[in-house]
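In what follows, chains are A, B, ... by sequence order, proteins preceding strands, each numbered from 1.
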Amino acid sequence: MLIIKGLKARVEDKQILNGIDLTINPGEVHAIMGPNGSGKSTLAHVLSGRPGYEITGGEVTLDGKDLLSLSPEDRARAGVFLAFQYPVEIPGVNNTYFLKAALNAIRKSKGEEELDAIDFLELVKAKLKPLKMDELMLQRAVNEGFSGGEKKKNEILQMAVLEPKLGILDETDSGLDIDALKVVADGVNALRGKNRSFLVVTHYQRLLDYIVPDQVHVLAGGKIIKTGGKELALELEEKGYGWLTGEKVKA
Amino acid sequence: MTPKTQEPSVEKVTSEEYKYGFVTDIEADSAPPGLNEDIIRFISHKKKEPQFLLEWRLKAYRQWLKMKTPEWAYVQYPPIDYQDIIYYSAPKAGPKSLDEVDPEILKTFEKLGVPMEERAMLAGVAVDAVFDSVSVGTTFKKKLGEMGVIFCSFSEAVHEHPELIEQYLGSVVPYNDNFYAALNSAVFTDGSFCYIPKGVRCPMELSTYFRINAAKTGQFERTLLIADEDAYVSYLEGCTAPMRDENQLHAAVVELVALKGAEIKYSTVQNWYPGDKDGKGGIYNFVTKRGACRGDSSKISWTQVETGSAITWKYPSCILQGDNSVGEFYSVAVVNNMQQADTGTKMIHLGKNTKSTIVSKGISAGKGQNTYRGLVRIQPAAENAHNYTQCDSLLMGDKCGAHTVPYIEVKNNTAKVGHEASTSKIGEDQIFYCQQRGLSKEDAVNLIVNGFCKEVFRKLPMEFAVEAQKLLSVSLEGSVG
Ligand SMILES: Nc1ncnc2c1ncn2[C@@H]1O[C@H](COP(=O)(O)OP(=O)(O)O)[C@@H](O)[C@H]1O
Ligand SMILES: [Mg+2]
């Protein structure tokens, strides 16, 4: 599904990614862990096409399609979804309206029929329930005045509605209490399937108790320095990152 | 600009007009360029106006001669040569069919979704060539007439209802109010008149019919709207279709009068030609709009979406005379390229328990300059007055400007006045967020901008709001990278 080869990227003359190699097969969940500032969000942004990054080497394909040459919206339409570490507020824009516009833009790009307001509302309400979100959230402006937890849930709601091929979760666990974390993890797990993959970026092992990954990668200094199974996350929890990076860094 | 002759008294002038005759050939279709008392007499004569109106025009003209162009607004333009303007000309024939209309204009109609039947009319094609306007007009007129609503051109009102004109004309915006209002008072050629009798709720938005007339509005337009006791009317002015005009200067005056318990909703969409990318050729829109809440518990609500014109100078205001009266101002002003807008409102609280709300949304793109200028004045007798003001500016790019100039004068300490202001840049991160969800950059910008303007659009009549949203996206096309 997703193949990353030798990916290098920089921001404002600062080299951040130094050659990332990563292959995610359909249905797999991969976790990216690493100390603060190691480039996890940068990787998520580069994959989704956020402006401001310069690709200095490597390639990325999604189902054989060259991702890096596509505009952000075309990547989204091709099935890349990024759950933001810091979801953005859009004042005055109704949450339902926004999500409907997004879904219809994606459907349209695939030659599918657009959903009308009534069908859409039915769809979104069904997706709302398992996330234990209040229907009133739909009437509010996108992320405006949402609590940290509500914002993260809203990201998962969007993902559930847009049904991407690849879901990239950037620190979705940060700022969540344990109950909310479980709800969010359940939401993600419900979306797991043989044709959908996930790249779960996290700083803490905690999330991976609930979203159990197939593989865990450690990112440091813009490179994947270690890959292992889910037990690697536990090891990191215990020992920190220092033993891998040669520095005294605690997770 | 100085008068060539001594100023005789008004009575003398008006009684002597025939004796002196006209320098201008009164049979001519157009007056020669320039402005003097003869030209004003020519206009008045052409329009077969009653004496009082000619006198009023001449008073305005003489006042205007002593006045100076206002220079406090944050706009710049070369001096206007008022002697180079033709102040009266008979309506010219427009294009004969849509085939003769500028394809650019037709393209914009398409984008805005202007109904087919209206396109020709808006493009200035002689209406009867396209569809039976007379029947549309008369159907409306008949219905309104049955309810006692008067809705006609200003000229028609001068002949049919001179007593109303004499009573109300200049009663809200006096002829000597300001430079442009005085000029308008002296030389206006037409406009609209509306009177809603006691207790009548006007059953329709006064829009479609008006839009049919809109194509013919002149350079110096005059509107007078009176809502008698407990009457209600929603009035729509202008349209989203781009309006080109060979006259660069537009100086309109709008006066609203709301008597006891009456309510007037006045909505404007202004989309005059803004000029090209370098600002060449755009309209100067210098408008005086004011409403008087004359009776107790009356209400006047201004809603405007200003996207056109090279320069906009406009402050729709409310004089809250009656106790418990309410004034509202909801505004979206967009500047792109070289456009300049200095717009806002004045809320003058005179009566007890008067309330005003101001919501201003300024959007600046390109090299546009956008100024909100607003006055809230609470007079000593205005016990327990309330005002809430909110001014938000949105910047697109870094070559444009947004300025907020609030004036607050409180002369009664029971007043409650609240002011909030914000300036934000349209966020790269907002745009990316939308794109990451599958929306194109252009759709993202539209979504964000429309969200920003929501509180104002909500105040517009439904179909107008939809058009206004589209208009906004057309106006801002290509303004983000
Ligand atoms: N726009 C930027 N300009 C300059 N440096 C940046 C920018 N974005 C990220 N960085 C730097 O890149 C490094 C990696 O950041 P990031 O990918 O956010 O790390 P992580 O998500 O792993 O904490 C950090 O040192 C950060 O300061
Ligand atoms: Mg991060």
> Counting only heavy atoms closer than 4.5 Å, note whether A/R75 contacts chain B via side chain, backbone, both or neither.
neither
> How close do B/Q430 and A/I90 get, heavy atom to heavy atom, and via which atoms?
NE2-CA, 4.1 Å
> If you measure from CD1 on B/I448 to CZ on A/F98, what distance do you get to the nearest 0.5 Å?
8.5 Å
> Mind listing the closest non-hydrogen atom pair of A/G49 and B/F432 along with its distance?
C-CE1, 3.6 Å
> Is the closest side-chain donor-acceptor distance between B/D429 and A/Y86 under 3.5 Å?
no
> With a 4.5 angstrom heavy-atom cut-off, which part of B/C434 approaches chain A: side chain, backbone, both or neither?
both
> Is it true that atom CZ of A/F146 has more than 12 heavy atoms of other residues, nucleotides or ligands lying nearer than 6.0 Å?
yes
> For residues B/R437 and A/A76, report the shortest heavy-atom separation together with the two atoms involved.
C-CB, 4.1 Å
> Check each atom of A/V80 against the heavy atoms of chain B and say whether the ones under 4.5 Å are side chain, backbone, both or neither.
both
> A side-chain contact here means heavy atoms from C-beta on lying under 4.5 Å apart; do B/Q436 and A/S48 qualify?
yes
> Measuring from A/R50:CZ to B/Y433:OH, what's the distance to the nearest 0.5 Å?
11.5 Å
> Measure the CG-CG distance between B/L439 and A/L103 for me, rounded to the nearest 0.5 Å.
10.5 Å
> Non-hydrogen atoms of chain B under 4.5 Å away: do they reach the side chain of A/D74, the backbone, both or neither?
neither
> I'd like to know whether NZ of A/K151 has more than 12 heavy-atom contacts from other residues, nucleotides or ligands below 6.0 angstrom.
yes
